[in-house]
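Notes to accompany the following structure.
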Amino acid sequence: MNLRRIIVACSLFLLVSAAWGAENLRVLVVQSDNNTLYQTFTNALTGSLPANIHLTLVLRAEDFDAQQGDLIVTVGVKAADRVAGKTTLPMLAAMMPSNTFTDLLAKRSRTRSTAALYLDQSWVRQVAFLSAAIPERHKIGVLHAADTHLDISALRIELTRRHGTLISRSLHNADTLFADLEEVLIASDVLLAVPDGAVYNGSNIRNILLSSYRRGIPLVGFSQAYVKAGALCAIFSTPEQLAAQAGAAIVSFANTGKLPDTQYPLLYTIAVNQEVARTLGLTIQSAESLRLQIEKSQGVLR
């Protein structure tokens, strides 16, 4: 186990251990839907908490109607949207893409305590991953919707810091998606998928992959599913990893009465598709080697 994992594991253990002295806490968990992804998160969360924290589960967002508790944890965007305007209770939005949090806050009064545990990785970690996985490629293409709320300027700054160049283009509309994508691909040598449902969704991803393959440009995804579909690699956090972080946040709330600051994932997973690498004539290291490089570049390993 490397140093980062030890630090994170110890931190989570200490937080959970501290909760044994806290008063009983009633937590209402509201899932967006009862699919496997959210079930896995909730099961892992339930197993990570001590007995004096009592969970009640609402399986689907539409079934929520201002039930009582001390804290509400939403799982996914649909649940967060449903709950945001219907309760004054403190709210922890888990599995929340960072670009949707601004819209969520707009639905909550400033006096209402709200925090998020983001689903996606920080730009710092994402760019470190790109640098480790495909260091010879520096022109990073990103296609996104105009109203995506992604902090593209921060991505540009981080790429520049690591001697990369951002090729960014806003999607005009759904009908121009592949014309806009071609404009990005022409100027790029990597296509970075971002959590923007207007561009990267089940209807589009196969054709996006085919378009990038035709130009010999690897796609870097943000989930295991993308790697299975044909992305070169991805960095992401699993439901179990996100649930461990949510558990620590709940325990912290039990002890302090305050939600922690909004956070990017602490724990993450890397997936690599070596078959795609061979098809594109690329050499890419193993997932564990990439992790070591990322953590060394971020000063985690000594």
Side-chain angles (χ1 to χ4, degrees), residues 32 76-78 80-81 84 93 95-107 116 118-127 129-130 133-134 137-236 264 273 276 280:
S32 290
V77 174
K78 185 178 178 181
D81 286 343
M95 300 188 76
M96 191 79 178
S98 60
N99 61 320
T100 63
F101 190 51
T102 300
D103 290 338
L104 177 69
L105 287 177
K107 299 178 182 179
Y118 290 147
L119 178 65
D120 48 310
Q121 310 300 310
S122 70
W123 289 138
V124 172
R125 181 179 288 166
Q126 183 72 71
V127 173
F129 176 57
L130 289 169
I134 35 179
R137 300 207 174 196
H138 306 284
K139 294 183 288 184
I140 311 301
V142 173
L143 178 64
H144 59 88
D147 60 350
T148 187
H149 298 309
L150 286 169
D151 192 351
I152 297 298
S153 61
L155 173 58
R156 189 183 304 277
I157 290 169
E158 188 61 26
L159 281 169
T160 300
R161 191 177 73 82
R162 287 182 173 264
H163 310 292
T165 301
L166 177 64
I167 312 298
S168 175
R169 186 177 179 88
S170 296
L171 177 69
H172 288 103
N173 56 64
D175 293 334
T176 66
L177 188 151
F178 289 101
D180 291 332
L181 177 63
E182 282 299 311
E183 291 296 322
V184 171
L185 293 174
I186 287 169
S188 308
D189 52 22
V190 177
L191 180 62
L192 175 63
V194 292
D196 184 337
V199 179
Y200 297 97
N201 56 54
S203 299
N204 296 335
I205 185 58
R206 184 174 183 275
N207 287 328
I208 289 174
L209 281 164
L210 290 174
S211 295
S212 64
Y213 281 168
R214 280 196 293 265
R215 291 190 172 274
I217 295 175
L219 185 144
V220 175
F222 53 84
S223 71
Q224 179 74 57
Y226 272 74
V227 176
K228 289 181 178 179
L232 173 67
C233 55
I235 184 168
F236 56 94
Y264 281 97
N273 191 323
V276 170
L280 295 175

Hey, mind stepping through V77 and S32 against side-chain contact (heavy atoms from CB on, under 4.5 Å) and telling me if it holds? CA-CA 7 Å; V77 174; S32 290; 5.5 Å; no

If you measure from CG on N207 to OG on S212, what distance do you get to the nearest 0.5 Å? 10.5 Å

With side chains defined as the heavy atoms from C-beta onward, is the minimum distance between I208 and V199 less than 4.5 Å? yes

Could you tell me which residues satisfy side-chain hydrogen bond (donor to acceptor under 3.5 Å, both in side chains) with D147, sequence neighbours excluded, listed by chain and number? none

Contacts of Q121 that satisfy side-chain hydrogen bond (donor to acceptor under 3.5 Å, both in side chains) - sequence neighbours left out: R125, S237

I need the T148 OG1 to L143 CG distance, nearest 0.5 Å. 10.0 Å

Within this structure, what is the CG-CD1 distance for the pair L219 and I217, rounded to the nearest 0.5 Å? 10.0 Å

Output for pair (W123 CH2, L192 CG), nearest 0.5 Å, gives 6.0 Å

Shortest non-hydrogen pair, F129 vs C233, comes out as CZ-SG, 3.6 Å

If I compare all heavy atoms of G221 with all of A193, which pair ends up nearest, and what's the gap? CA-CB, 4.2 Å

Counting C-beta onward and ignoring hydrogens, is there a side-chain heavy-atom pair between Q126 and V220 closer than 4.5 Å? yes

Under the ring pair (Phe, Tyr, Trp, His ring centres under 6.0 Å) definition, can you give me all pairs with a residue in residues 144-183, not counting sequence neighbours? none

Identify the two heavy atoms, one from N273 and one from V276, that lie closest to each other, and give their separation to 0.1 Å. OD1-N, 3.1 Å

dist D196:CG -> D120:CG (nearest 0.5 Å) comes out at 11.0 Å

Point-to-point distance, once rounded to the nearest 0.5 Å, from OG1 of T165 to CG of L159: 8.0 Å

L191 and side-chain contact (heavy atoms from CB on, under 4.5 Å): which single residue from L209, L181, I140 fits? L181

Over all atoms of both residues, closest heavy-atom pair of L177 and A198: CD1-O, 4.0 Å

Return the set of residues passing ring-ring contact (aromatic ring centres under 6.0 Å, His included) with F236 (not counting sequence neighbours), or none when no residue passes. none

Of all pairs that satisfy side chain to side chain donor-acceptor pair (under 3.5 Å), the ones with a partner from residues 224-234, not counting sequence neighbours: none

Do you know which two heavy atoms are closest between I167 and S188, and how far apart they sit? CB-OG, 3.4 Å

Donor-acceptor under 3.5 Å (R169 side chain, V184 main chain): no

If you take all heavy atoms of A84 and L104, which pair is closest and at what distance? CB-CD1, 3.4 Å

Apply the test side-chain contact (heavy atoms from CB on, under 4.5 Å) to residues D103 and T100: give CA-CA distance (whole Å), side-chain angles for both, the deciding distance (0.1 Å), then the verdict. CA-CA 6 Å; D103 290 338; T100 63; 5.6 Å; no

S211 side chain reached by L185 side chain, heavy atoms, under 4.5 Å: yes

Side-chain heavy atoms of Y200 within contact of N204, under 4.5 Å: no

Contacts of E182 that satisfy side-chain hydrogen bond (donor to acceptor under 3.5 Å, both in side chains) - sequence neighbours left out: R215

